[in-house]
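Structure record follows, encoded as structure tokens.
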Amino acid sequence: MTPVISRLARTDWFGPLAVIVFATIIVSAFDPSFLSPFNIQILMLAVAVNCVIAMSQMVIIAIGQMNLAVGAIGGLAAISFAGMMQIWGLPPLLAAAAALALGIVAGLANGLLISATGISAFIITLASLSIFKGANLGITRAQPFYGVPESVKAFGNTTIAGPIPWLALPAALVIAAMWYLLYRQRIGRYILAVGGNQSAAELSGISVPSAVLWAHAMSGFLAALAGVLLVARLQLGEPTIGDDWLILSFAAPVIGGAVLSGGHVSVFGTLFGVVIVAIITQALVIFRIDPFFVQVVLGLLILWAVGVNRLREVRMQRTLKRA
Amino acid sequence: MDNVGFEARGVRKTFPGVLALQDVGIKLRGGSIHALLGENGAGKSTLIKIITGVHRPDSGEMLLNGAPVRFEGPREAIAAGIGVVHQERNLVPRFSVGENILLERLGGGLLRPIDYAAIHAEARRWLDVLELDLDPRTPVSQLNVAKMQLVEIAKALSLRSRVLLLDEPTASLTPHESLVLFGLLRKLRDEGVGILFVSHKLEEVQAICDEVTVLRDGRNACESRSMAGLERQDLVRLMIGRSEQIPNWTPRDRGAAEPMLELRDVSTSLGHKAVDLTVRRGEIVGLYGLVGAGRTELAKCILGLHAITQGAIVVAGRPERIADVADAVHRCKIGYISEDRKQEGLVLTHSVLQNAGITVWRGLANRLRLLGDRTVRSHVLPFIRKLEVRTPSLAQTVSNLSGGNQQKISVAKWLAAGARILIVDEPTVGIDIKTKAYIHELLRQLADEGTAILLITSDMPEIITLADRIVVMDDYRIKGDIINDRSYAPMSERIMHLIHDRDAA
Amino acid sequence: MNAPTSVEGAAMAESEPPARDDGLSQKGAPGWTRFLLTNEFGLVTLIVIFGAVFALGTPGFSSPFNLFTLGRTMAIDIMIGFSMMVVIVTGGLNLSVGAIGVCVAIGCGWLLEVAGAPLALAIFAALALGAALGALNGVLIVRSGLHSFIITLATMSVFFGLMLFLTHANAYRQVPLEFSAFGKMRFAGYLSPLLLVSIAIGLLLAGLYRFTPLGREMLAAGAKAAAAELSGVRVGRTIVICHALSGVLAGIAAVMVVARTGAAIPQMAGNLGQDWLLPAFLGPVLGGTLLAGGRASVLGTFLGAALVSELTNGLLQFRIGEFWVQTWLGLLLLLAVLMDLARRSFLARRGV
């Protein structure tokens, strides 16, 4: 039994999963309605959008960079989606496709600037964050677009079966696709190889710029998708969409065991990270703790997670030395 | 008959402001093992990077099987069948052994996932060739350095290259692993592969190489000549332009001088056990050992970077508890010249003045804790002059100076700090032969003036030239202590005997 | 391209004439071309050009009142830039400058309004809070050995959330009259004393890096921590001090905001204080402070931040797309790093 546990403990997803189970037991002991279908639906709605946001940062962490513009791209895609439907009267599917394409282009622009100039991803995405956010405010003049069609609103607020909302469907597809891409497709392996040891990847004949471009294009696509889903859920195209994604987008992958220097991320770990954040947010509501406290908890979670990851790394090296 | 697999002619390469290679040629025959020799900085790495497509030559041509080739990147060189094992570790740590071996040939398509079973089976074949008993599914991060090195060799083999480049492949292998590798290289040679073997271990080169090319100062000192009839001394002469010389210094006996640094039964958190060591005023104690013996680590424990778990450090007769490096430097007057000049020795992006003065800023500040450049300059300048540092000005950025001049600055900062004890770690690695002799004289002169010097080096001639006493370390323990009489053959034999003692016992 | 340094060095030493006393006793005279290529000169030129364009283009720009407001904003932007610069010097960064700033402002407001502390004491205590929060960042970074990015990202959330949690997002508007009067004070009709404070602090910082062992140690620790440590610099302690200093400077910026608006408002720097991030990086990066650490240009940061405030103000005066200002600033940041890249490769090609 012990070897099974110790092998499980070495995976990235086991710790977060244990925390989820533990937290669920505790919270539902205090308030049984925590496990009511309605509450589960609320949790799943939050998880669906947030896990797409987290994946869009995760793929950049995989390659050893960071993308500060995740929220700005998502926000720009969201208002474009709503705006195209309201002002140009585009059908929702076409508008969504255009918004997702915009996300890909924005991501590609980031990737292109980073790999062509060699300037750090931090500075490039800080600049593009501000460019995209400015464009968002310039287009909307800081006013929301309200003209969202009923079909879109319905998609964001009805359920498939039982407590499972429609929004969970694209999220589940994203999770499956990310897993397939990162663990069973060449491009995903190359992204992780570049993140793990860039010069090794380069000398093996892997094209580093194209891996960087792919990663940023994916990140842009996922950020845009999250923006579109959020429009469906909020029923309006708010210019503030994306403003508060930054912390969450780093917290979830890091809780899931991602190494910030690149080369190692966990899709399911990240998903569980998002679930943990959702449960804690919900628990604060149940225990009537000031909602502002969520920020504090998020920050502490990041600190805790990077601390744990660091300890695991140190311990791994120590057992290596002894071997 | 002249079965030339790869040939380079008249290769010239410049980096901004520097001529790295000039009119260099090499002919790599199929079915032969070809040694590429040269001192650090002679241009070996640059030549390898050109052959493997990392750099492009400014002029000159390269021929593969008689046809001209030009590589725009490593990918093209690999595709052309040039396999290479680079000096730096080039594996992705979180990936499995098998995936690393076949990294650029993972296969699969959008609807066809990567077939890991096939990859690991294919990798298994190449590990078997190397007689390496290793599960291809093991993550590389769990291997030791020697195994990683062998995985890289398996990776190069798996390309079925007709031309194979090995850059210092034995640096981290045990003697047994090296022998296995040599057997394999001979087998590949007999199958017609052309192998370029870069090593600074001349014994190895003499043992397995058929031909040799030597570079000196970015030019051919000899090109693709047969190893037949070449002795060690001949190779050395080709590499450095003259034969090895050991200055004829008279042995000194410092046995009666006052001990400046004593380790008494010291154990450390890094794993040193029961280390006893004494360095006396004016004495040079050589600490000899192979890479990984724990010498640099011992130096860092003395400096307070890692904890002493047992025993005592006595500085100039007083037991000291050294809390951190600042404590060692400022209170105990211990200076450390690192083997890793670029990372630990100097702040390369800062000026000569900043680097030479860094140890004395605190001491030179006035009562208001203020300190101007002029004060630092007047304190540091005598030492810079004394060491004959060649620099256009004190404001020059250190990275623009030669390795030798950089090393002089790292000595100067300890002279400026008034260090009584100097720990000198591999002081002449990557330094040209003239400056090397100068640094040797300088260390000798410092000792004559009363500095206690602990010299860490893996360079046998260096330790026999300089040390008054030689202490041998292996596996984090002291193996023995010899008075150096400066006769090369018997001394080196005694040292090696002490190291290999472990295997006999 | 990374040339092997040893090769490079060896070749240079041989081509060098044996420079002796003459070379060592005096500094290399700075050439005029070199000066013209410096960031600082470029920034001054841009400030003058844009100043002229704005002054000619719209009468409002050069009015004494606009110059006064511009000076106030500039003072604040400069302080925000400094608060980032002092950590960039260590090769790190501090995403929590905005959050620390808001905490200091709110702390100051609370001390004045709720605790009824005298003005000087309230400001001093609030700045001490900034120093403590910054030092906490520093300790976490040094102890964990993790990059400052993730640590300060986390503390940005923690600091801001705790502040909101403790104050219930209340603003403090009962600021003593003499304090807001200081914010409204004008010398000669257009000069804000806040700008003088920024200039004074800039001089102090320049002095820190030039004339004190501590400042020199900060630069050395930032350029190459391992080398500095082995030369006897207490690198960990130095980094903590840098982060504490960053907290104080962010605090000064926040206190200036309180003086200007006459109130301490939790939303003054946007959600989590994120609105300060762009000016915080724009100043140092425009000013040529390398993100790699080990170098600081106090004058450059000062001028960079000044240029940013001037541009923002001018664009608003022109009334061209008030909402697009962020986009222009983002493009400016991009342009600045690209120009810097071009300048560097030009200098490298000339072998300077």
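When reading the values below, keep in mind they use all heavy atoms of this one structure, side chains included, and skip hydrogens, waters and symmetry mates. Letters A, B, ... are given to chains in the order of the sequence lines, protein chains preceding strands, and every chain is numbered from 1.
Taking both residues in full, the closest heavy atoms of Gly196(A) and Pro93(B) are given as O-CD, 3.8 Å, listed atom of the first, atom of the second, then distance. Pairing each heavy atom of Tyr116(B) with each of Arg184(A), the nearest pair is CE1-NH1, 3.3 Å.
Looking at Ser199(A) and Asn90(B), their side chains do bring a donor and an acceptor atom within 3.5 Å of each other.
Contact annotation for Glu99(B): only side-chain heavy atoms (C-beta onward) come within less than 4.5 Å of a heavy atom of chain A. Val194(A) does not touch chain B: none of its heavy atoms, backbone or side chain, sits under 4.5 Å away. Only the side chain of Tyr190(A) comes within contact range of chain B, judged by heavy atoms closer than 4.5 Å. Of the atoms belonging to Leu111(B), it is backbone heavy atoms, and not side-chain ones, that fall under 4.5 Å from chain A. The part of Glu202(A) that comes within reach of chain B is its backbone (N, CA, C, O), which places non-hydrogen atoms under 4.5 angstrom from that chain. In this structure, chain A has heavy atoms under 4.5 Å from both the backbone and the side chain of Leu110(B).
Each of Thr52(B), Ile114(B), Leu103(B) has some count of heavy-atom pairs under 4.5 Å with chain A, and the biggest count is that of Ile114(B). Contact count versus chain A (heavy atoms, under 4.5 Å) is highest, among Ala79(B), Gly107(B), Gly271(B), for Gly107(B). If you tally non-hydrogen atom pairs under 4.5 Å between each of Arg186(A), His264(A), Arg189(A) and chain B, the highest count goes to Arg189(A).
Dense packing is recorded around CH2 of Trp13(A), with more than 12 heavy atoms of other residues, nucleotides or ligands lying under 6.0 Å away. The 12-atom threshold is exceeded at CZ of Arg312(A), counting heavy atoms of other residues, nucleotides or ligands nearer than 6.0 Å.
Here the side chain of Gln185(A) pairs a donor or acceptor atom with the backbone of Gly109(B) at under 3.5 angstrom. For Arg75(B) (side chain) and Ile206(A) (main-chain N/O), no donor-acceptor pair under 3.5 Å exists by modelled atom type.
Within the 4.5 Å cutoff, the side chain of Ser204(A) has heavy atoms near those of the Lys155(B) side chain. Residues Phe95(B) and Asn197(A) are not in side-chain contact: their nearest non-hydrogen atoms beyond the backbone lie 4.5 Å or more apart. Between Leu192(A) and Val92(B) the shortest side-chain heavy-atom distance does not fall below 4.5 Å.
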